[in-house]
Amino acid sequence: MTESLSFCPGCGAPIQDQHEDRPGFIPPHLRLREGVVCRRCFQMRHYGQGGKAPIADVHMQKLLDAAAAPCTGIVVVLDASDLSASAAILPLAYTLGKPLVIVVNKLDLLHRWIGASGVASWLRRHVGVANAPVRVLSALHLDDARALGREIPALFHGASSSSAGATEARYLVLGKPNVGKSTLLAAWTGDERITRSPLPGTTVGELVVPAPEGPVFVDFPGFRLETPWLSLLCPSCLRAQVPLKRFTRRTFILREGSSLLWGGVFWVRFHQGKGRPWIRVVAFAPDDVFLHLTKAGREQELLDRHAGSLWPSLCRSCWDTLRPRMKETRPFQADGPSSNEANWALNFGDDLAFPGLGWLTSTQGEGIFHIVAPEGVLPEIRPTVFRPDFRRRSFPKRFFGGRKPGLSRFRLR
């Protein structure tokens, strides 16, 4: 990386020495040291701490065209555990008029249930990726990540001649926060100064990083798009919503009038079944997101009592911030409001997905749900990413005394 004293090489923030709590702060006596990063990046790397630095999408949109102009192509990074929500960046990427390569990261979170070919197939069937090359991997597998970095110029073969004024292969890396852009970039370029953190919004400025032998990559800050509510959470609660090791899978029997509390952030009420008063669902969620079955109407009471203890992924302060913003979410209707617009119908073969937080899929039965969530949480009904293998137990056999889980074994609390 060409050394620049005007931007932090870890997060891209402009260097400043006036505000210690903001990105880019470097004490004056450290400025001239080789490879120095700002205090926020240092704390993230060595102590797992760091303040939020959300950037408004409107502000980034103004910078995006200028960042894309000298680039010969765009690498769009998606999240395998949040496919449909992270793919919301694709329409924006297509407007830039550059060739695309689509990289799906974090396959390690779902590899027990679906492989790379399954993820790529789902994208081609249900998301408008046109003829763009699709590669699926986990950035934690360094050999795979480095091999992809070497392959990228070949994937963009012929694109450099179509960009007027470009003197070298230059690729813009675009995606939502926390899809792993910085981790991939570090693997592709070998630059260890790039800050990687589970805190969404680590990169706050444009990072220009050349590979040792190859192209120049431009890491652009992530667009929040459908998850603006994340900016309301404190750094600790933000990290808790991000899967670090794996996604968990749990099976529930939901009766009419029961609710599933999802990490203390929102809840899903089973309103009415189709042909039966219950539904068997499988919930997939980040490993630290706590799921709890209870009676409809008791959700706020439980959160008021247990936020920060029973649900450690949401502290008391964050719950106090979210509580006045809780309301029933309504599916988007192209034909305008209707009397049933608060109903979410989960049919067999579909997922009820929550951006950044996981999804529900039915393994037996169909029904109508109501979702109560902070304003800005935009669930969606999508074609299922994969059908859970119901032969694999979600609970230890000893938990059920040797019997398969039945309706009588689930009690609401």
Side-chain angles (χ1 to χ4, degrees), residues 229 232-233 237 240-241 248 250-286 289-331 337-347 350-355 357-381 394-395 405-413:
W229 64 276
L232 300 174
L233 301 183
C237 291
Q241 310 304 322
T248 58
R250 290 189 60 187
T251 300
F252 294 93
I253 300 293
L254 301 180
R255 298 177 183 270
E256 292 178 353
S258 63
S259 286
L260 185 60
L261 269 168
W262 203 288
V265 177
F266 64 92
W267 52 87
V268 183
R269 291 173 176 168
F270 182 52
H271 178 63
Q272 183 179 7
K274 294 184 179 180
R276 65 185 76 190
W278 56 272
I279 185 173
R280 188 194 303 268
V281 296
V282 176
F284 293 89
V289 171
F290 189 82
L291 304 176
H292 181 74
L293 190 63
T294 186
K295 293 181 180 179
R298 291 198 61 205
E299 303 93 350
Q300 286 200 6
E301 173 194 345
L302 287 172
L303 284 168
D304 286 340
R305 186 188 311 164
H306 298 296
S309 55
L310 181 59
W311 290 279
S313 58
L314 191 72
C315 69
R316 173 67 56 182
S317 176
C318 286
W319 167 239
D320 290 342
T321 300
L322 294 181
R323 195 180 196 281
R325 295 172 170 84
M326 303 297 288
K327 67 175 186 178
E328 281 194 348
T329 64
R330 302 177 182 275
S338 71
S339 58
N340 297 321
E341 64 179 354
N343 293 338
W344 293 83
L346 179 60
N347 298 317
D350 291 336
D351 292 336
L352 178 53
F354 314 101
L357 294 170
W359 67 92
L360 278 179
T361 187
S362 170
T363 57
Q364 191 174 1
E366 301 178 336
I368 303 298
F369 290 83
H370 290 169
I371 301 170
V372 180
E375 187 174 3
V377 174
L378 302 176
E380 67 168 335
I381 299 291
S394 296
F395 298 98
L407 291 174
S408 62
R409 303 296 294 179
F410 289 81
R411 298 180 61 187
L412 303 182
R413 292 175 289 176

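One-based numbering along the sequence shown.
Side chains of Phe252 and Leu360 form no contact here, defined as non-hydrogen atoms less than 4.5 Å apart. Within the 4.5 Å cutoff, no side-chain heavy atoms of Lys295 are placed close to those of Ser259. By the 4.5 Å heavy-atom criterion applied to side chains, Ile381 and Pro331 are not counted as neighbours. Between Lys327 and Val372 the shortest side-chain heavy-atom distance does not fall below 4.5 Å.
In this structure a side-chain-to-backbone donor-acceptor pair under 3.5 Å is missing from Arg276 to Gly365. Between the side chain of Trp262 and the main chain of Ala285, no donor-acceptor pair closer than 3.5 Å is present. Panel note: side chain Thr361, backbone Asp350; a donor-acceptor pair is recorded below 3.5 Å.
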Atom pairs and distances, donor-acceptor, side-chain atoms in residues 263-275, under 3.5 Å, two or more places apart:
| from | atom 1 | to | atom 2 | distance (Å) |
| --- | --- | --- | --- | --- |
| Arg269 | NE | Glu299 | OE2 | 3.1 |
| Arg269 | NH2 | Glu299 | OE1 | 3.2 |
| Lys274 | NZ | Asn347 | OD1 | 2.8 |

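With Ser362 as reference, Ile279 is the one residue of Val282, Asp351, Ile279 to meet the side chain to side chain contact (heavy atoms under 4.5 Å, CB included) rule.
Residues satisfying the side-chain hydrogen bond (donor to acceptor under 3.5 Å, both in side chains) criterion with Glu301, sequence neighbours excluded, are Arg305. Considering only residues two or more places apart in sequence or on other chains, Glu256 meets the side-chain hydrogen bond (donor to acceptor under 3.5 Å, both in side chains) condition with none of them.
The two residues Arg330 and Ala342 have their closest heavy-atom pair at NH1-CB, 3.5 Å. The minimum heavy-atom distance linking Thr248 with Pro286 is given by the pair OG1-O, 4.0 Å. Summarising the geometry of Asp304 relative to Arg316, their closest heavy-atom pair is O-NH1, 2.5 Å, with the distance given to 0.1 Å. When every heavy atom of Leu352 is checked against every heavy atom of Leu346, the shortest pair comes out as N-CD1, 3.8 Å. Heavy-atom minimum distance, Leu293 versus Ile253: CD2-O, 3.8 Å.
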Walk me through it: do Trp319 and His306 pass the test side chain to side chain contact (heavy atoms under 4.5 Å, CB included)?
CA-CA 10 Å; Trp319 167 239; His306 298 296; over 6 Å; no
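Interatomic distance, CZ of Arg298 versus CG of Leu261, reported as 10.0 Å (0.5 Å rounding).
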